[in-house]
Amino acid sequence: KALIEVAQQKGELIAEHFENRYYSKAITEIRGIADEANRYFDTKEPWKTIKSDPEATRTVLTSILNIFRILTIYLKPVLPEYAKAVEELFNEEPYTWESSKDVLTNCPINEYKYLAQRIDPKNVEKMVEDTKKDLKAEQELVTVKKNEYLPEITIDDFCKVDLRAALILEAEDVKGASKLLRIVVDMGNGETRQIFAGIKSAYQPEELVGKMVAVVANLKPRQMKFGLSEGMIIAAGPGEKEIFILSPDSGAKPGMEIH
């Protein structure tokens, strides 16, 4: 009980650290509680007493599970999905900070499932390689040609590009992408498309909604880590903050061909 009470008393200090954005201090306090719990567990050795003194073992494990629960509540701002799994384990409603003041006794819990896995170096390598591919794809979307003309094409080549006027309906940041915005455009005739555009450095999502743009409508869709990109928005400029979306003149409607 004393161990649980000490853990509960730490809640106010940990909350204060979170509020003041002293995240490392908050985690240090949480880790301190975990260290004390580990020492208690190692000292009591419940794996040895389970047969000789099952009731004492039950007390030890109940104490440890309560500490584990309190730690999870304190970590919920950092590990929300992990906390959700623990809530399910204990058959509880979503935790609030005040939940740490409760102590569970005589409560059934669900069958244990792995809540976390050790990091496999092979998986890390795969994540790194996948990230490199995504960054390369992102960079390709961002790249703007300098004053160097590409090889000449014929009018027949140009006619293969289907340029259309489109209206931006939605725009938002892409989690995990430093340069991309996720944009949904109205292509006319009730059709909408999702496009990932490398214009985040030059535009805020909210200023794009309602804007008419020129879109390459027949560009082959590209599957990215963030989702399927179904076109390309035309822009001018050298890149970074100097990116300027090309907009059709007033009067253009979604779906109109750009000649």
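Taking the charged nitrogens against the carboxylate oxygens, Lys76 and Glu87 do have a contact shorter than 4.0 Å, which makes a salt bridge. Checked for salt-bridge contact, Glu98 and Lys101 meet the test: a charged N lies under 4.0 Å from a carboxylate O.
Here the shortest heavy-atom pairing between Val209 and Ala171 reads CG2-N, 4.1 Å. Shortest non-hydrogen contact noted between Ile67 and Ile4 is CD1-CA, 3.7 Å. Pro121 approaches Ile119 most closely through the heavy-atom pair CD-O, 3.7 Å. Taking every heavy atom of both residues into account, Ala166 and Met187 meet most closely at CB-SD, 3.8 Å. Taking both residues in full, the closest heavy atoms of Asp173 and Lys200 are given as OD1-CE, 3.6 Å, listed atom of the first, atom of the second, then distance. Listed here is the closest heavy atom pair of Thr96 and Ile73: O-CG2, 3.5 Å.
Using a 30° and 60° split on the angle between ring planes, Trp97 and Phe18 fall in the perpendicular class, above 60°.
Other residues, nucleotides and ligands contribute more than 12 heavy atoms inside 6.0 Å of the CD atom of Glu207. Taking a 6.0 Å sphere around CD of Glu172, one finds it holds more than 12 heavy atoms contributed by other residues, nucleotides or ligands. The environment of Gln117 atom CD is sparse: at most 12 non-hydrogen atoms of other residues, nucleotides or ligands sit within 6.0 angstrom. Counting heavy-atom neighbours within 6.0 Å of Glu93 CD, excluding the residue itself, gives a total of 12 or less. In the displayed structure, Asn189 atom CG is contacted under 6.0 Å by at most 12 heavy atoms of other residues, nucleotides or ligands.
Considering CG of Asn218 and CD of Glu230, their distance stands at 13.5 Å, rounded to 0.5 Å. Here CZ of Arg193 is found 9.5 Å from CG of Leu219. Values are rounded to the nearest 0.5 Å. Atom OG1 of Thr72 sits about 9.0 Å away from atom CG of Leu89, to the nearest 0.5 Å. Atom-to-atom distance recorded for Asn110:CG and Glu88:CD is 8.5 Å, nearest 0.5 angstrom. Separation of atoms CD1 (Ile245) and OH (Tyr203) is listed at 4.5 Å; rounding is to 0.5 Å. The NZ atom of Lys211 sits 4.0 Å away from the OG atom of Ser247 when rounded to the nearest 0.5 Å.
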With salt bridge (charged side-chain N to carboxylate O under 4.0 Å, His left out) as the test, would you mind laying out the steps for Lys113 and Glu111 before giving the verdict? CA-CA 7 Å; Lys113 298 178 182 178; Glu111 184 177 347; over 6 Å; no

Under the salt bridge (charged side-chain N to carboxylate O under 4.0 Å, His left out) rule, what do Arg182 and Glu170 come out as? Steps first, then yes or no, please. CA-CA 8 Å; Arg182 174 185 171 275; Glu170 301 174 20; 3.6 Å; yes

Any chance you could lay out the salt bridge (charged side-chain N to carboxylate O under 4.0 Å, His left out) test for Arg58 and Glu55, step after step, and finish with the verdict? CA-CA 5 Å; Arg58 187 190 301 274; Glu55 283 307 311; 3.6 Å; yes

When you look at Leu75 and Ile27, which way does the side chain to side chain contact (heavy atoms under 4.5 Å, CB included) test go after all the steps? CA-CA 8 Å; Leu75 286 169; Ile27 298 302; 3.9 Å; yes

Could you go through Thr154 and Asp157, starting from their C-alpha distance and side-chain angles, then the distance that decides it, and tell me whether this counts as side chain to side chain donor-acceptor pair (under 3.5 Å)? CA-CA 5 Å; Thr154 66; Asp157 294 326; 3.3 Å; yes

Going through the distances and angles, do Phe68 and Val86 end up as a side chain to side chain contact (heavy atoms under 4.5 Å, CB included)? CA-CA 9 Å; Phe68 165 65; Val86 175; 3.7 Å; yes

Does the pair Lys225 and Asp130 meet the rule for a side chain to side chain contact (heavy atoms under 4.5 Å, CB included), with working shown? CA-CA 8 Å; Lys225 171 184 177 181; Asp130 289 344; over 6 Å; no

I would like to know whether Val6 and Glu36 meet side chain to side chain contact (heavy atoms under 4.5 Å, CB included); could you show each step before the answer? CA-CA 10 Å; Val6 170; Glu36 287 296 323; over 6 Å; no

So Tyr95 and Glu92, side chain to side chain donor-acceptor pair (under 3.5 Å) or not? Walk me through it. CA-CA 8 Å; Tyr95 292 140; Glu92 293 191 274; 2.7 Å; yes

Between Lys126 and Glu129, is the salt bridge (charged side-chain N to carboxylate O under 4.0 Å, His left out) condition met? List the steps. CA-CA 5 Å; Lys126 185 177 184 302; Glu129 292 304 315; over 6 Å; no

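By the 4.5 Å heavy-atom criterion applied to side chains, Leu180 and Met224 are counted as neighbours. Within the 4.5 Å cutoff, the side chain of Leu115 has heavy atoms near those of the Tyr82 side chain. Side-chain contact between Pro248 and Met212: present, with at least one pair of heavy atoms (C-beta onward) separated by less than 4.5 Å. The shortest side-chain heavy-atom distance between Ile168 and Asp186 does not fall under the 4.5 Å cut-off. At a threshold of 4.5 Å between non-hydrogen side-chain atoms, the residues Leu163 and Glu257 do not count as touching. Contact check for His17 versus Tyr23: no side-chain heavy atoms found under the 4.5 Å cut-off. Counting heavy atoms from C-beta outward, Ser100 and Tyr74 have side chains that approach closer than 4.5 Å. Under the 4.5 Å side-chain criterion, counting only non-hydrogen atoms from C-beta, Thr49 is not in contact with Lys44.
In terms of modelled atom types and a separation under 3.5 Å, the side chain of Ser229 and the main chain of Phe196 share a donor-acceptor contact. Between the Asp120 side chain and the Lys122 main chain, a donor and an acceptor come within less than 3.5 Å of each other.
At a threshold of 4.5 Å between side-chain heavy atoms, the hydrophobic network of Ile, Leu, Val, Met, Phe, Trp and Tyr places Ile233 and Met256 in two separate groups. Cluster annotation: Ile234 is not connected to Leu167 through the hydrophobic network of ILVMFWY side chains, with a link wherever side-chain heavy atoms come within less than 4.5 Å. In the hydrophobic clustering of ILVMFWY residues, with side-chain heavy atoms under 4.5 Å counting as a link, Phe158 and Leu246 come out apart. Both Ile14 and Val78 are part of a single hydrophobic cluster, where members link through side-chain heavy atoms under 4.5 Å apart. If you chain together hydrophobic residues whose side chains sit under 4.5 Å apart, Ile64 and Ile109 fall into the same group.
A donor-acceptor pair shorter than 3.5 Å cannot be found between the side chains of Ser63 and Asn66.
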